Amino acid sequence: MRSKLFLWMLCLCLLPVVASAVTKVGNGDDGSDLEGAVLIDSGPILEARDKAVGLLKRLDTPSIRGLGLLLPEVERAAIYRAPDDRRSTAKGDSGPYHVDMTGAVYARTMPSPHAPVRFFPIAERLSEPQLIALHVHEGLHRALPAPIREDEGVVADITLALTGPDATRDQVSELMARVAPDNDLRITPPAGGTYQSSVGRAIFDEDHFKQPSSLGVSFKQFFSPPDPANFPIARMYSLHSYLYPFGGANTPFGLGIEGSFIEAEKGPQIGPLGLSARLRLWSRRDFDIGIWASAAFNTLSAEELKNSPFGRDVFTLGTTMRKNLSLFFVENQISVALPGSSSQRIGKVAYLYEYGTVISAKVRGGVKLGRFDAGAFAEINLADFFRVNGGAFSIDTGRYRLLSVGPELSYTHDDFAVSLTGRFLANATKDANYDFLGNLMGPGVAQGSIGLSVSTFF
Amino acid sequence: MTWFSSGWWLSLLLFLSGCALDFGSGTATSTHEFSFDGVKLISRSVARGDDTSTYGQSTYTLDGDRRLLLRFESLGEHVSNADVRSGRAKVWVRVSLSSGDPKSLRLYGLTRSWMMLATWNFAHPFGPAGRWTNAGGDLDAANVMTPTEVRGPHDEGGVVQFDATRWFIDYPQGRSVNYGFALISDGTVAIEGEAAGSLSPRLVMDKYVKGLSTP
């Protein structure tokens, strides 16, 4: 009796295995064309795939209900080239996207996420718009919710909505609401998941900060102003160590230490000591976000520097938002340096330097040329005031601005990077220069600088 | 006889203490001397404002290429205590020479503010706005002060005094500004600096009246 029961249970367990032995591939073939397929790593099919990705990003498909997985499916699926053309009469191959008039198949995939795509030689005769539509169509077969991903009619409609010449996000969204309504329980995502945020999850699932920590040295040569400066500093060397031991894979959190050494006209001195708390996170929209709070302590500096306009503690809060695209990158940075003061005694007169709040907005952009990033930045520093009071002497600039521009060039090789930057004072009100900010570790001093930085990541 | 004796002794006592009773106003007056705390040498040959040889010295040598800027930094707190407009009080600038001809000295009021980082070309180092209009200091040329009293041999230095009453009325009292002075010499003279103790450059206010209301 017990052995019979065991046999019944065994049969029940094997039933799905036996049933799946006949693979239902993509649109209904037997999968024999998988033999001899070659991975495609260049050519018009891949170029069309990049354009399809661009199209989906423009339409913001990750934010459309039911299309959350489409972008990563199209972007990351392995693409193979089948050795020979195939003709099919399978029902699944019906529709204009899979076969031509003679029944020759253009491409096939399997209706499940992460499945590869096979393109047949005949597909190479297609025009670029047709190839783009084909990529999107095959991606839809893998990315749509299970109950509708094999419905060729629905997939064709969505393909048309996405790849039509006047395609808009609203149109696609409206169509999706029709074919995959909110109240359609068949497409209810598994517990704990949501098709809406599937791209977000896919992005979060990937570790975007494999080596967030860094150790490096940097050098800055400051441009002397044409007029005499209060406390001229020629060069600054710094050693930084940013370690991210806390947080998740895509939300590393850590602490940074930066020690500096300056060469002033009065000789070499220890510069400010920087301490910072840093958080990086990857946004759902594929942005690298950085949030930090830093303090540059001059109380630990040399006596000469303490008795100077730069002998202040600078507390800064800031955030960066960076988007890396295939060919270029863009980054915004916003920071606020809190007010501070320093004092300097010359002879019998003590002067108090007061620095107002400084809001800085910086835009960086550039092109990616292999391992090189070549770009430029523009930054505006908007300061509340710079005041000097001592004895009968007093000046107050009121609000002033500094506009900086400069080139940036960097070379990155795995866990090693070298960057070269320049900062030039393009425009300023109130005859201001960087000395007015009193922030050595920020924008620096004098009229600008050129800098070299070498870092290693781990 | 008794009242004469006591009044005479009282007057002598007040005289010796440097004070006198102003019976007209009924308030106590005295002569106050203030050491210039802002003493700065500017020289054509010194470009850096924080050059330590340009301040804190016991002696400064002046000539055609070197001038001395002087300012009593907290003068603003004392301006209302000098009854100069009534003509009863005077303000003097007193410097001591260790060598040179005191008659070669001239004292000018300055027409713009400066700080201890001043140089021959700049009143302060904060951008182009700090540049003197005229190198060597922006002088009020219409109000040049020459020595009014010289004590000691002329060729061996001594104490030199300038009457700065007009300057005091025009600037600290009239405009509520204190730009200080520039001491200039055509010939070479050596001036005792602010580190010279009792010989340091001074601003002297006679008939200094505490609590005097502004005229």
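All values reported here derive from a predicted model rather than from experimental measurement. So you know, we letter chains A, B, ... as the sequences are listed, proteins then strands, and number each from 1.
Within the 4.5 angstrom heavy-atom criterion, no atom of B/Q57 approaches chain A. Heavy-atom distances place no part of B/S74 under 4.5 Å from chain A, backbone and side chain included. Neither the backbone nor the side chain of B/Y179 comes within contact range of chain A; no heavy atoms are under 4.5 Å apart. In this structure, the portion of B/A47 lying under 4.5 Å from any heavy atom of chain A is its backbone and not its side chain.
Between A/K348 and B/E194 the shortest heavy-atom distance is NZ-O, 3.4 Å. For the residue pair A/V349 and B/G38, the shortest heavy atom distance occurs at CG2-CA, 4.3 Å. Smallest separation of non-hydrogen atoms from A/G390 and B/E73: O-OE1, 4.2 Å. Looking at every heavy atom in both residues, A/P232 comes nearest to B/R48 through CG-NH1, 3.0 Å. For A/F393 against B/S113, the heavy-atom pair with the smallest separation is CD1-OG, 3.3 Å.
Other residues, nucleotides and ligands place more than 12 heavy atoms under 6.0 Å from the CG atom of A/L275.
In summary, of the residues considered (A/F386, A/Y351, A/F231, A/Y400), a ring-ring contact (aromatic ring centres under 6.0 Å, His included) with B/F126 occurs for A/F386 alone.
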Open item on the list: Does A/Q344 form a side chain to side chain contact (heavy atoms under 4.5 Å, CB included) with B/L117? I'd like the steps, not just the answer.
Closed with: CA-CA 11 Å; A/Q344 181 181 29; B/L117 292 167; 4.0 Å; yes
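Atoms CD1 and NZ, from A/I346 and B/K40 in turn, are 7.0 Å apart once rounded to the nearest 0.5 Å.
Contact tally against chain A (heavy-atom pairs below 4.5 Å) for B/G180, B/P128, B/A195, B/G127: the top residue is B/P128.
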